[in-house]
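Have a look at the structure that comes next, please.
Counting starts at 1 for both ligands and their atoms, in listed order.
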Amino acid sequence: MPIDILCLGEPMLEFNQQPDGRYLQGHGGDTSNCAIAAARQGASVGYITHVGQDVFGRSLLDLWTREGVDTSCVVSRPDAHTGIYFVTHGEQGHEFSYLRSGSAASLMRPEDLPLQALQNCQILHVSGISQAISPNAADTVFAATKAVKSHGGIVSYDTNLRLKLWPLERARAVVHAAVAQCDIALPGLDDAIQLTGRDDPQAIVDFYLGLGVGVVALTLGSAGVLVATPEERRHISAPQVRAVDATGAGDTFDGAFLARFLESRDPFDAANYANTAAALAVQGYGAVAPMPDRAAVLAGLANSER
Ligand SMILES: O=C(O)C(=O)C[C@H](O)[C@H](O)COP(=O)(O)O
């Protein structure tokens, strides 16, 4: 059975600092988070990555299996480790510290890609992080995009700028080149300000539409999302909630957006749904644990319409 949504990138073990200073172990990695968020909405989802043959890689494989994310395109390799990261919380929000250099995922090459699965999927989701982890991973994303586009599939891109992984000038060049080949751009406001050099959300949306994408959903944090197509744009506000940890909120938005978009093909409806999913996700610690399932998102939507 072909898989509808494929995500490609690097998964990691997560250690998230709690108010008492202890670290809670979980899982992260933006595209893995997106895959799990989409699966929790009931979509058919698979993940493309490499993990190490270590306890972290096995823990991620168990996680995807529990979450119903297909692992037939995950390669487990003996020659490299699985990445890990720490999340700490301060005045400015959360901060990520990585131990991922030389990881199994960063060794992915275009010739490793599962071409058949890519040619049969409806949506491929990739990100700036998928490309930042190594030059060969960046090339792998370009090759996967080409494979999906050549069969009429949709490619979605979250800019997810991580300046600990690559310098801004290279990020700009690679991300803009990649987004220009995609159909859906899912940038966050802070990333987009740095990447585009513009600070007005309308001008940022113009920039991404100018690269040729058909849908832009610019996430504005607690201010909601600005959704644009070449024909129409709408600001959709977000439910107001008490956030404890925004880790994974953007990825939850992406996964919920893609799962809903696959059903309705309506980016405004998908963004409204995904806004509610992300608002629910920030109310707990960690990237994955607090992600809502479909029933919780529908209940949240019904609540906000009351
Ligand atoms: O930084 C990375 O490389 C990671 O993948 C770690 C995190 O799991 C995601 O970054 C969370 O992403 P947001 O949804 O934007 O909070």
Is Arg260 salt-bridged to Asp269, cutoff N-O under 4.0 Å?
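Asp269 and Arg260: salt-bridged.
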
If you look only at distance, which donor and acceptor atoms sit under 3.5 Å apart when one is on a side chain in residues 77-86 and the other is two or more places apart or in another chain?
residue: Arg77; atom: NE; partner: Asp79; partner atom: OD1; Å: 2.7
residue: Arg77; atom: NH1; partner: His50; partner atom: ND1; Å: 2.9
residue: Arg77; atom: NH2; partner: Asp79; partner atom: OD2; Å: 2.8
residue: Thr82; atom: OG1; partner: Gly52; partner atom: N; Å: 3.0
residue: Thr82; atom: OG1; partner: Asp54; partner atom: OD1; Å: 2.7
residue: Thr82; atom: OG1; partner: Asp54; partner atom: OD2; Å: 3.4
residue: Thr82; atom: OG1; partner: Gly57; partner atom: N; Å: 3.3
residue: Tyr85; atom: OH; partner: Glu14; partner atom: OE2; Å: 2.5

Under the ring-ring contact (aromatic ring centres under 6.0 Å, His included) test, which residues partner His89, sequence neighbours left out?
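In terms of ring-ring contact (aromatic ring centres under 6.0 Å, His included), with neighbours along the sequence ignored, His89 is linked to Tyr285.
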
Any chance the rings of His125 and Tyr157 have centres within less than 6.0 Å?
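Between His125 and Tyr157, the centre distance exceeds or equals 6.0 Å.
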
Thinking salt bridges, do Arg162 and Glu10 make one under a 4.0 Å N-O criterion?
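Salt bridge between Arg162 and Glu10, a charged N being under 4.0 Å from a carboxylate O: no.
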
Select all protein residues for which some heavy-atom-to-ligand 1 distance is less than 4.0 Å, and list them by chain and number.
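Only Met12, Gly28, Gly29, Asp30, Asn33, Tyr85, Phe96, Tyr98, Arg100, Ile129, Asn160, Arg162, Ala246, Thr247, Gly248, Ala249, Gly250, Asp251 have heavy atoms that fall under 4.0 Å of ligand 1, ordered by chain and number.
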
Partner residues of Glu169 under the salt bridge (Lys or Arg N to Asp or Glu O under 4.0 Å) criterion, sequence neighbours left out:
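Once residues adjacent in sequence are excluded, the partners of Glu169 under the salt bridge (Lys or Arg N to Asp or Glu O under 4.0 Å) criterion are Arg172.
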
